[in-house]
Amino acid sequence: MMKKNTKNSIVGMAFFGPALVLLTIFLFLPMILTVIYSFTDYFALNPDNTHFVGFENFVNIFGDELFTTAFLNTVKFVVIIVPLQCLGALGLALLIHKVAYCKKYFKVAFFVPVVMSLAVVSTLWIQIYSPEGIINSILTAFGIEAQPFIYSAKQALPSIAIMSVWQGVGYQMIIFLGGLQAINPALYEAAEMDHASAWKKFKDITLPELKPLCVFVFITVTIGAFRMIVQPMVMTGGGPSSSTYTLVYDIYETGTVNWEIGLASAMAVVFVIFVVILTIVQNLLTKDKGEKK
Amino acid sequence: MKQIKYIAVGAIACVCFLTGCSKTPSPGEIAGYDNGEQYLSIWVHSIEDTPEGQAYRTSVESFNQKFDGVYFADIEFIPRNDNGGGYSDKVNASVLSNSLPDVLTVDGPNIAAYAANGIIQPLAELTEEERGIYLDSILEQGTYNNTLYALGAMESSVGLYYNKAILREAGIEIPPADDPWTFSEFLDILERLKPIMAEKNGYPIDMTFPVGESSIYYFAPFIWSNGGDLISEDGLTADGYFNSAQNVEVMNYFKSIVDNQYMSEAPISNLFESGRAAFKFDGAWEVNTIYTSYPDIELGVAPYIVSDNWDGGKYTPTGSWAFAASSEARDIQGATELVKWMSGVESGLELYEQTKSLPSTYAAYDQISIFTEDENYKALYEQLRDYGHPRPKTPVYPQVSTLFQQTLENVALSGMDAEQELNKSTERINAKLERYVRE
C-alpha cells in the first residue's frame, strides 16, 4: 500500500503537472532566456554568431536617446492616466451607487468599452479624433478651431491617454461599486444620527472602507499603464516625432522588427526591474498612510 | 554560448512536439509526392484562403505537374500581420532551429539582411535568356554583393496621381515622362492650385508621412533624383549618404510643402478620392480603387516629380515580395527551378489575375491588355520599366526605413532642423551597422 501522502502528491501532480509543463515552456523558460539573452548580442537572423557582451546592452540602453524618450513618454502616460482612471472610476461608482433609476443601464454603458478589444477601440477613436471627426465637428460648431489631436506631437499622448481612460475606467468602476455595496449601511445611519455632512461621510466612512480596493486599483492601473503598446501601435505608430513611442513598443520594435533580441531582452529586464521597484514603493507608501491613520 | 542555443532549441523542440511540427516527409505521405522525386518545401507569407494564397497554390500545382517525376514542391502558408510579425517570427525561429524550408518568400528590402546573415543562398546560375525575362528592377532588387539571391513574382510602383478635372480647371498641362516636373516647378503648380482647392475645402496635394514602410517607399525617390542616397553602395555606412547636403535639401523641400499648407498636416481620409485634392502619391493599387469605388474621379498618372538637378537616372519606387532559396536548401538546382517557376511569367499572370499586382516579367505585361490599353496602367508600367530604382540595400534596412520616416516627420511636421536630424539618424544607423563592419 502506498502511503496516503505519496498517493496524494501523485494525484496532486497529475492535476498540477500539465499546467506546470506548459507554464515552464511558455512562461518560466522564456523569462530565464530573456535574462540570459540580455547579456548577449543575440541577433535573430544570425543566432550562431552570438557572444556574451556583459553589460554592454544595458550601457547602450541608457545612452540611447530613443529609449529615454520612450521611457519618459511611458511615465507621462502613467502620470496622466493613473489619477484620471482611479478618480474617474471612483466617481462613476459613487454616481451609479446613488442613481435610483436605470442603474443597470449605466453600469452596462460604462462597462461596455472594457469588453471591446483595445485594437477595435483604437481604430474607432482614430475616426473620432480625425480632422473631420466628431470631436472636431463639435468644436467647430462652438467656434473653436479644429485640433490635430493624435496628429500633433503635443496632443497625441494626452489624446491617447483620454481614450485609454474611457476604455478602461469601467472595469475599476465595477470593482469600486462592489466595494461600495459591501460597506455596512449601519455606519452611514450612525453618521446621519450625528448630523455628519455628505463630505464627512465620504471622507470618514466611504474612503477608509474602500482603502484596500483603492490600493489594488492604483497598482493594477499603474502596471497596466506601463504596459501600453496597442493604442500607439494602432493609432500613431509611435509618432508624431516619437511622442507616443512607449517602452513596450520600443522592446517590440527592437526585438521583432530590428531583430536585435539581445538588446530587446535587456530592455525588457530594465522594464521589469523598474515596474517591480515602483510596485514595492507604491505598496510601502499606501501601507504607511494606512498605519498612521 | 552553445548552451543557450541548446536550451532555446530544446524549447522550440518542445513546442514543435506539442504543436506537431514535422520535418521532411517520405514519398507517398503527401498526395502527389512520388518515389524518385526531389522534395522541395516552400513557405509563402500569405493565408491560403486569400486570392494571393490561391495564386501561389495554383503556381505550385502547375510546377508539380511540369516537373512530375523530378521535383515535388510542398507549399506551406504562414500568415503575416501588418507589422510584419508572424511570418518573420516563424523564419527567425526556424533559423535558430535549422528548420528553414528550401524556398521562402522574402520582402524585397529584406533580401540584403537575409543574404548578409546567411539565411538565403545565391541562386544557381541563370542563363542570359532566363535573366532577360525579368524587369531590370527585379534583378536589381534580388542582387546583393553582385550575386543574384531572389526573384520576385510581382513588382510594385507608386504613381503621382492627379485629378484631370481639377488640373483642366487650373489650366495645367502634364509633362512627358522623360521631362517630369521639377521640385520648383511642382511648388509653383501647388501654389497655383491652392486658391482653387481652398474653394473646394481641400488641399493641392493629398499627402502624409505615415509610420511604416510607405514613407521611404513613396519619398526616397526625391532623394535619388536629387543625386543623394540613403546608404553607401556596399550598404555598410550611412555617413556622407544619409546625412548628405542633397538629403538636407529634400527634407527641407518636404517642409516647404507643409509650411505653405499645400497639404494637410493631419491626414484627412479620402481627400483625393472625394475630389478635394488635385494630386496624390499612392501605390499602383490606387488605380483599381478609383476605377471601382470612385468612378466620378477622372484619374491620371503624372510622371514622378524630380529634383531640379536630375540627371535622367533611375529614381521611381519599386519592390515587392520575392522568392529565394534558403541556406538549408541542399539541392540548389531544384530550389532555383522552383524560384524561377514561382517568379515566372505564368505565376505572374496568375497573381495579376487574382490580386491585380504588377507582374515582374516583360512577357506578362505584353499578355495583359490593360497595360497597353489603359493609359494609367501603361504609365505606371513604363515608369517602372524605365525609371524603377530599388530601395536601399543594406542589412540594417529596417532601421533605415524607420529612421527615414522619423526624420521626415521631425523635419517636415515638427519643424526640427534637417541637418541635425539627419546626422542623428546617421549615427544610429552606423551604430547598428557595427555588427557587420566588425566581422
Side-chain angles (χ1 to χ4, degrees), chain A residues 21-22 24-26 29-30 32-33 36-37 39-52 60 63-66 126-127 129-133 136 146-154 232-234 236-243 245 252-261 263, chain B residues 1-5 7-11 14-15 18 82-86 88-89 91-93 95-98 110 113-114 116-119 201 208-212 264-269 271 395-396 398-399 401-402 405-406 409-411 413-416 421 424 427-428 431-432 435 439:
Chain A
V21 170
L22 290 175
T24 310
I25 294 176
F26 292 109
L29 199 63
I32 296 165
L33 282 176
I36 298 175
Y37 286 157
F39 295 101
T40 69
D41 62 354
Y42 184 5
F43 189 67
L45 298 188
N46 206 343
D48 285 332
N49 192 16
T50 303
H51 320 86
F52 271 110
N60 285 343
D64 182 7
E65 211 179 302
L66 194 61
I126 294 178
Q127 298 303 320
Y129 278 141
S130 83
E132 293 170 351
N136 271 324
Q147 298 296 313
F149 295 118
I150 54 171
Y151 301 110
S152 110
K154 274 193 192 124
M233 197 181 240
V234 176
T236 61
S241 297
S242 308
S243 61
Y245 199 62
Y252 168 83
E253 286 268 319
T254 310
T256 65
V257 180
N258 300 341
W259 305 306
E260 295 168 291
I261 308 281
L263 191 63
Chain B
M1 222 34 260
K2 275 265 151 66
Q3 293 98 314
I4 299 179
K5 202 187 155 191
I7 298 175
V9 170
C14 287
V15 174
L18 287 167
D82 272 350
N83 295 305
S88 65
D89 295 342
V91 171
N92 295 348
V95 170
L96 185 67
S97 58
N98 298 326
N110 283 342
Y114 277 35
N117 285 291
I119 294 179
N201 187 23
T208 57
F209 308 120
V211 174
S264 164
E265 275 187 52
I268 299 172
S269 46
L271 200 60
V396 294
Q399 278 94 348
S401 171
T402 309
Q405 188 274 335
Q406 278 173 4
E409 195 175 57
N410 289 350
V411 174
L413 289 176
S414 303
M416 299 182 195
E421 289 303 303
K424 248 200 268 178
E427 235 172 81
R428 262 188 97 78
K432 301 296 174 189
R435 161 188 300 277
E439 277 158 17

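Predicted model only: the values in this text are computed from it and were never measured. Order of the sequence lines fixes the chain letters, A, B, ..., with proteins taken first and strands second; residue numbering starts at 1 for each chain.
- Of all the listed residues (P131(A), S241(A), S242(A)), the one sharing the greatest number of non-hydrogen pairs under 4.5 Å with chain B is S241(A).
- Residue contact with chain A, scored on non-hydrogen atoms closer than 4.5 Å, is absent for P210(B).
- Remark: side-chain polar atoms of S414(B) are not paired, donor with acceptor, to backbone N or O of M416(B) under 3.5 angstrom.
- Interface remark: L413(B) contributes no atoms to any contact with chain A (heavy atom separation under 4.5 Å).
- Looking at K424(B) and E427(B), no side-chain N of the basic residue comes within less than 4.0 Å of a carboxylate O on the acidic one, giving no salt bridge.
- Within the 4.5 angstrom heavy-atom criterion, only backbone atoms of T236(A) (N, CA, C, O) approach chain B.
- Per-residue heavy-atom pair counts under 4.5 Å with chain A were compared for A266(B), P267(B), G118(B), and the maximum is reached by P267(B).
- In this structure, chain A has no heavy atom under 4.5 Å from any part of A431(B).
- Between F43(A) and N49(A), the closest side-chain pair of non-hydrogen atoms is not below 4.5 Å.
- For Q406(B), the part lying near chain A is the side chain, with the backbone staying farther off; criterion is any non-hydrogen pair under 4.5 Å.
- Of the residues considered (N60(A), L263(A), I32(A), D64(A)), D64(A) shows the highest number of contacts with chain B, using heavy-atom pairs under 4.5 Å.
- Side-chain contact between F149(A) and N136(A) is present, with at least one heavy-atom pair separated by less than 4.5 Å.
- Taking 4.5 Å as the limit, every side-chain heavy atom of Y42(A) sits out of range of all side-chain heavy atoms of L33(A).
- Annotation: side chain of Y114(B) is in contact with side chain of V91(B) (closest heavy-atom distance under 4.5 Å).
- The most heavy-atom pairs under 4.5 Å with chain A, out of K432(B), E421(B), E265(B), come from K432(B).
- Contact annotation for D41(A): both backbone and side-chain heavy atoms come within less than 4.5 Å of a heavy atom of chain B.
- Salt bridge R428(B)/E65(A): absent, no basic N to carboxylate O contact under 4.0 Å.
- Residue I150(A) does not touch chain B at all, counting heavy-atom pairs closer than 4.5 Å.
- Interface remark: of the candidates V211(B), T402(B), V396(B), V211(B) forms the most heavy-atom pairs closer than 4.5 Å to chain A.
- Side-chain atoms of S401(B) do not come within 3.5 Å of backbone N or O of P398(B) as any donor-acceptor pair.
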